[in-house]
Amino acid sequence: MLSHTLVLEVGIAVLLVAIVGLLANKLRFSVIPFFIIIGMVVGQHAPQFGHIDLTFTESKPFIDFMGRLGVLFLLFYLGLEFSVGRLMRSGKSIVTGGMIYVFLNFISGVLIGWLMDLPFKEMMVLCGVMTSSSTAIVAKVLTDLKRTANPETEIIMGMIMFDDLFIAMHISFLSGLILTGGTSFWSVLGTSLLALGFILTFLILGRKLVPAIDRLLQDKSPELFILIIFSLLFIIAGFSETIHVAEAIGALMAGLVFADSRYIKKIEGVIAPYRDFFGAMFFFSFGLSIDMYTLGGAIGWAALAAAITIICNVASGYFAARFSGRKPKASFDIGFTLSARGEFSIIMANIGKAGGLLPILQSFVVVYVLILSIVSPLLTKESRTLWAALFGKDAAPLKQKKTLEQLEESAGTSSS
């Protein structure tokens, strides 16, 4: 039975999210850590004032569902940004830098998991958490710093695309390993292969479905246009969940298909407000689920993991810049930008929670995401200054002095 204060509590939650969002914009910080922190502050240990329950006990299931929709809209919009065609055309930049990035970060996850003495399932979640860059934060940082047209941005986006595809596969693997209750190697392998087949089907057939989608959307009124988009999104995401593939992956695949539509700009315009609103509620609901007083045991491990992540990302940025013919100083721009962690890390932490894995994973992810979502944009902003401080500024090319004969020759040419 729904509480009579449900609408009031949801309204207060949205107001709190809006207030911290305004604060984040004023401070020129990423909004993601602010959304998580306010959720933790007003969560399990908040007071109650009359009808105002800041623990959101009654409304939490509804807020959680709003957060679940936020994941779908975030991943759907991410798919819209990439498209199947763009994936095919960007092969070189994706494979070279992306493979190095994924390898170094995944291995660092194995290292931290081994040091923490985590079981295999928890270690696999941790590896995914440490490998997944935050596309939302990266895009915002590049836009805020006006670096979208810089040469290294193409490398960054290529590496993110590869990382997102890897994470899509890893989430499917985790779903088979953790959520379906598979205990044998073959059951997990079967679920993972089913997820792979699902993803490849969308990648291969996606472009062929675009003309039919365009005909379906042609000359539709605004309400019918949005109803068609939403129905296809939810059906695809829901179907993927029925075959034990994470619904977030279904949303991503749906976005990849719609990305080649001739109505892409209109679709993005329709989806963006829902992505922003429900995405904010996703981070807030994650904060609500965290007990602040349980974070102490994870702070040291998360800080160490964050430092290793930054080092690994700068190293992968160096190799990516080298393979792409960029100057070594671009490694700082690439590495610091890609170090941000956010939505994907939290999605995988929620998979671990749903599967009943060790609670320390949740605490680790909170601290880890908070550190890197704050530090990464700051390092990116000062990347050129840090490079100059450590390695010196690039020497300006010296102008070659003209010989006496050249001076006389030029003087004779001008006089004639």
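None of the values given here were measured: they were computed from a predicted structure.
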**Message:** Apply ring-ring contact (aromatic ring centres under 6.0 Å, His included) to residues F76 and F258 and explain how you reach the verdict.
**Reply:** CA-CA 9 Å; F76 181 68; F258 278 98; 5.6 Å; yes

**Asked** Are a donor atom and an acceptor atom from the side chains of T309 and S339 found within less than 3.5 Å of each other?
**Response**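 No, no side-chain donor-acceptor pair sits under 3.5 Å.
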
**Modelled atom types, side-chain donor and acceptor of D163 and S133, under 3.5 Å** =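 Judged by distance alone, the side chains do not pair up.
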
Does [X] reach the side chain of [Y], with side-chain heavy atoms less than 4.5 Å apart?
{"X": "S289", "Y": "K60", "value": "yes"}
{"X": "L118", "Y": "I360", "value": "yes"}
{"X": "I347", "Y": "L75", "value": "yes"}
{"X": "M99", "Y": "F162", "value": "yes"}
{"X": "I100", "Y": "F323", "value": "yes"}
{"X": "P328", "Y": "W387", "value": "yes"}
{"X": "V14", "Y": "F277", "value": "yes"}
{"X": "V257", "Y": "I213", "value": "yes"}

**Asked** Is any side-chain N of the basic residue among R68 and D64 closer than 4.0 Å to the acidic one's carboxylate O?
**Response**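 Salt bridge between R68 and D64, a charged N being under 4.0 Å from a carboxylate O: no.
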
Checking the side chain of [X] only, and the main-chain atoms of [Y] only, is there a donor and an acceptor separated by less than 3.5 Å?
{"X": "S345", "Y": "V129", "answer": "yes"}
{"X": "R341", "Y": "S132", "answer": "yes"}
{"X": "D214", "Y": "S261", "answer": "no"}
{"X": "E58", "Y": "L6", "answer": "no"}
{"X": "H170", "Y": "M124", "answer": "yes"}
{"X": "K353", "Y": "A349", "answer": "no"}

**Prompt:** With a 6.0 Å cut-off on ring centres, are F286 and F35 close enough?
**Reply:**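 Ring centroids of F286 and F35 are no less than 6.0 Å from each other.
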
**Prompt:** Can we call the ring centroids of F56 and F284 under 6.0 Å apart?
**Reply:**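 Yes, close enough.
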
Over all heavy atoms of both residues, which pair between [X] and [Y] is shortest? Give the atoms and the distance, please.
{"X": "G113", "Y": "M123", "value": "C-CE, 3.6 Å"}
{"X": "C312", "Y": "S108", "value": "SG-CB, 4.1 Å"}
{"X": "G342", "Y": "S134", "value": "N-CB, 3.4 Å"}
{"X": "M116", "Y": "W301", "value": "CG-CD2, 3.4 Å"}
{"X": "Y368", "Y": "A302", "value": "N-CB, 3.7 Å"}
{"X": "Q218", "Y": "Y263", "value": "CA-OH, 3.3 Å"}

Would you say [atom1] of [X] has more than 12 non-hydrogen atoms from neighbouring residues, nucleotides or ligands within 6.0 angstrom?
{"X": "K266", "atom1": "NZ", "result": "yes"}
{"X": "F278", "atom1": "CZ", "result": "yes"}
{"X": "F225", "atom1": "CZ", "result": "yes"}

Nearest-0.5 Å distance that lies between atom [atom1] in [X] and atom [atom2] in [Y]:
{"X": "I156", "Y": "F336", "atom1": "CD1", "atom2": "CZ", "answer": "12.0 Å"}
{"X": "L69", "Y": "Y274", "atom1": "CG", "atom2": "OH", "answer": "11.5 Å"}
{"X": "I19", "Y": "F34", "atom1": "CD1", "atom2": "CZ", "answer": "13.5 Å"}
{"X": "S383", "Y": "L379", "atom1": "OG", "atom2": "CG", "answer": "9.0 Å"}
{"X": "M348", "Y": "I171", "atom1": "CE", "atom2": "CD1", "answer": "5.0 Å"}
{"X": "L357", "Y": "I178", "atom1": "CG", "atom2": "CD1", "answer": "4.5 Å"}

**Prompt:** Taking the inter-plane angle between the rings of F332 and F391 on a 0 to 90° scale, is it parallel (under 30°), tilted (30 to 60°) or perpendicular (over 60°)?
**Reply:**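 It falls in the perpendicular class, over 60°.
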
**Message:** Go through it in stages, so that I can follow the logic: the residues are I267 and L217, the test is side-chain contact (heavy atoms from CB on, under 4.5 Å), and I'd like the CA-CA distance, side-chain angles, deciding distance and then a yes or no.
**Reply:** CA-CA 10 Å; I267 296 172; L217 296 174; 4.2 Å; yes

**Request:** Apply the test side-chain contact (heavy atoms from CB on, under 4.5 Å) to residues I36 and I346: give CA-CA distance (whole Å), side-chain angles for both, the deciding distance (0.1 Å), then the verdict.
**Result:** CA-CA 10 Å; I36 298 173; I346 295 173; 3.7 Å; yes

**Prompt:** Are R275 and F73 in a cation-pi setup, meaning NZ or CZ lies under 6.0 angstrom from the ring centre and within 45 degrees of the ring axis?
**Reply:**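 Pair R275/F73 does not count as cation-pi.
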
**Request:** Show the numbers, then the answer: is there a side-chain hydrogen bond (donor to acceptor under 3.5 Å, both in side chains) between S240 and E247?
**Result:** CA-CA 6 Å; S240 68; E247 61 185 21; over 6 Å; no

**Criterion side-chain contact (heavy atoms from CB on, under 4.5 Å) on L295 and I290, from CA distance to verdict** = CA-CA 9 Å; L295 299 181; I290 301 300; 3.8 Å; yes

**Request:** Give the C-alpha distance, both sets of side-chain angles, the deciding distance and a yes or no for side-chain contact (heavy atoms from CB on, under 4.5 Å) between L80 and K265.
**Result:** CA-CA 9 Å; L80 292 177; K265 294 299 180 184; over 6 Å; no

